[in-house]
Amino acid sequence: MVQKSAHVTIDGHPDTIDLPIYSGTEGQDVIDVGGLTKHGFFTYDPGFVSTAACDSTITYIDGDKGILLHRGYPIEQLAEHSDYLELCYLLIHGELPSAEQKNDYVDIIKHHTMVHEQLRYFFNGFRRAAHPMAIMCGVVGALSAFYHDSLDIEDENHRLITMNRLIAKMPTLAAMSYKHSIGQPFMYPRNDLSYAGNFLYMMFGSPCEDYIDSPVLTRAMDKIFLLHADHEQNASTSTVRLAGSTGANPYACIAAGISALWGPAHGGANEAVLNQLTEIGSEKNIDKYIKRAKDKNDPFRLMGFGHRVYKNYDPRAKVMQETCYEVFDELGVEADPLLKIAQRLEQIALEDEYFVEKKLYPNVDFYSGIILKAMGFPVDMFTVIFATGRTPGWISHWNEMISGPYKIGRPRQLYKGPVKRDYPTR
Ligand code: SDX
């Protein structure tokens, strides 16, 4: 196929700069701007709005059409027919597992869910009121201290055991961060339960009574993990890739991803949505908040709305909304008043010219918090659950980069500081 090129002419610059254009299997073509440097120019793209930082075969998003594919499979079909551990396998290995491969994988993950007993003492260093994301940043980053046997990132087997350990242990650490906050004993993982069922057990189980597993809540939990599993080059995944490009160990890279996810503009939005719905308090107050969201002089934003890539409905939000109704039916609880506020807010926003013109739709975080609250999770655990669900995405992008040729990520800048000046002689 003829190589396409971009031909850049620059005022005052004698040469036309020819830049190669590459095409992927889906989505926009990209212009390789590496050749600009030798002509004395950098590109300038704060927030990487128009920058493809890498190539990848893992996840594809069409923001205009609201399409999300994991290794080519639409998220709606995966949510209906697959489950979280099967998606983890798919993200890492590139193909769906056979029945035997799936059973083997589930068994491997089950037998890595415990954490080193010494890790329990880490939690004593945190106040009971510590935000569980602060605990997760610290404890996950420290995991490398327990696995000196498998930190050679050039060794494929070391990478594989590390990926399995992280996927297996994140729910255990997440539940431990919750139990620590309420002063209850940690619950050891149970291998007779599913991945999601075991997480709910470690979260809400108690040594004082038998645990009753709810198939509907377990299925909802599995779907919530599945919907958060990966999302292309989002801020936290890009953080994991950048940290990994220095050769840092994968536990440190995932801890970096957890830190980036915590922000309310990213994974912290699910917690922010719940706090915002609580602040709105009643449907009669919605107009006041919509007005603030539209006021350019007001930094207030409607949490759970808008997305850098989706300029249509986030396909995950639709599945999340359906799961919301399933959970409320199962719990037999009168729909949470916050759900009614959320539904009314969504309806008003989707009809409002500001939101329509800026293509601001509900994103994955809009409904997830309402479900998690109904399931009994405290608000400060919402982003911990997002981080747990996103682990296979982070680690599969890390593995994809480390498995092939890569360079250390080192962006440049447009310098606007003082020009050279001499230190004053006194
Ligand atoms: C996630 O990247 C991913 O894939 C992330 C994620 C994943 O799975 O990893 O999908 C998860 O992070 C979802 C997003 C969760 N965050 C929120 O819900 C927080 C609220 N949303 C906004 O902060 C915002 O929409 C962002 C951060 C999500 C996107 O911001 P962008 O891409 O930088 O867009 P922008 O800020 O330039 O907004 C475009 C315009 C602006 O107005 P103008 O300056 O053009 O006049 O839309 C406005 C914004 O002011 N706008 C909003 C708004 N979001 C954008 N106005 C009111 N309320 C909002 N929520």
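Start at 1 and go down the list; that is how both ligands and their atoms are numbered.
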Exercise. Given H266, R308, H307, K296, which one has a non-hydrogen atom that is nearest to atom 3 (C) of ligand 1?
Worked result: H307
Problem set entry | Test log, rule side chain to side chain contact (heavy atoms under 4.5 Å, CB included), inputs I58 and L91 | CA-CA 6 Å; I58 298 172; L91 289 172; 3.7 Å; yes
Problem set entry | atom 2 (O) of ligand 1 [closest protein heavy-atom partner, distance rounded to 0.1 Å] | N234 CB, 3.4 Å
For this session: Taking only heavy atoms of A269 into account, list the atoms of ligand 1 that are under 4.0 Å away from them.
Result: 15 (C), 16 (N), 17 (C), 18 (O)
Exercise. Where's the contact between K294 and ligand 1, heavy-atom distance under 4.0 Å: side chain, backbone, both or neither?
Worked result: neither
Exercise. Within a distance of under 4.0 Å, is there any protein heavy atom near atom 16 (N) of ligand 1?
Worked result: yes
Exercise. Is the closest heavy-atom distance from R316 to ligand 1 below 4.0 Å?
Worked result: yes
Problem set entry | Residues R241, E400: salt bridge by 4.0 Å N-O rule | yes
For this session: Evaluate side chain to side chain contact (heavy atoms under 4.5 Å, CB included) for F366 paired with D314, printing each intermediate quantity in order.
Result: CA-CA 10 Å; F366 188 65; D314 182 336; over 6 Å; no
Problem set entry | Y195 side chain near F225 side chain, heavy-atom distance below 4.5 Å | yes
Exercise. Nearest protein heavy-atom contact for atom 21 (N) of ligand 1: which residue, which atom, what distance?
Worked result: F305 O, 2.9 Å
Exercise. Identify the closest protein heavy atom to atom 60 (N) of ligand 1: which residue and atom is it, and at what distance?
Worked result: L302 O, 2.8 Å
Problem set entry | From P264, P362, G306 - option closest to atom 19 (C) of ligand 1 by heavy atom | P264
Exercise. Hey, does Y354 sit under 4.0 Å from ligand 1 if you only count heavy atoms?
Worked result: yes
For this session: With the side chain counted from C-beta on, respond yes when M203 and M221 share a heavy-atom pair under 4.5 Å apart, and no when they do not.
Result: no
Problem set entry | Nearest heavy atoms of F186 and H180, plus distance in Å | CE2-N, 3.9 Å
For this session: Side-chain contact test, heavy atoms from C-beta onward, threshold under 4.5 Å: evaluate it for I371 versus M320 and give yes or no.
Result: yes
For this session: Going by heavy-atom distance to atom 55 (C) of ligand 1, choose the closest among L360, N363, N270.
Result: L360
Problem set entry | For the student: nearest non-hydrogen atoms of I224 and M375, plus distance | CD1-SD, 4.1 Å
Exercise. Does at least one non-hydrogen atom of R390 fall below 4.0 angstrom from an atom of ligand 1?
Worked result: yes
For this session: Tell me, yes or no, whether the heavy-atom count around D55 atom CG, taken from other residues, nucleotides or ligands under 6.0 Å, exceeds 12.
Result: no
Exercise. Are the aromatic ring centres of F41 and H13 under 6.0 angstrom apart?
Worked result: yes
For this session: Considering only non-hydrogen protein atoms, determine which one is nearest to atom 4 (O) of ligand 1 and report residue, atom name and distance to 0.1 Å.
Result: H231 ND1, 2.5 Å
For this session: Heavy-atom contacts with A293 under 4.0 Å: which atoms of ligand 1 show up? List them by number with element.
Result: 56 (N), 57 (C)
For this session: Heavy-atom contacts with M303 under 4.0 Å: which atoms of ligand 1 show up? List them by number with element.
Result: 18 (O), 19 (C), 20 (C)
Exercise. Looking at atom 57 (C) of ligand 1, is any protein heavy atom nearer than 4.0 Å to it?
Worked result: yes
Exercise. Under 4.0 Å from any heavy atom of G304, which atoms of ligand 1 are there?
Worked result: 17 (C), 18 (O)
Exercise. Nearest protein heavy-atom contact for atom 13 (C) of ligand 1: which residue, which atom, what distance?
Worked result: D365 OD2, 3.4 Å
Exercise. Can a cation-pi geometry be assigned to R412 and F42, taking NZ or CZ under 6.0 Å from the six-membered ring centre and within 45° of the ring axis?
Worked result: no
Exercise. Looking only at protein heavy atoms, which one is nearest to atom 27 (C) of ligand 1, and how far off is it?
Worked result: A265 O, 3.9 Å
Exercise. Out of K358, R301, E357, who gets a non-hydrogen atom closest to atom 38 (O) of ligand 1?
Worked result: R301
Problem set entry | Electrostatic pair D352:K291 at N-O distance under 4.0 angstrom | no
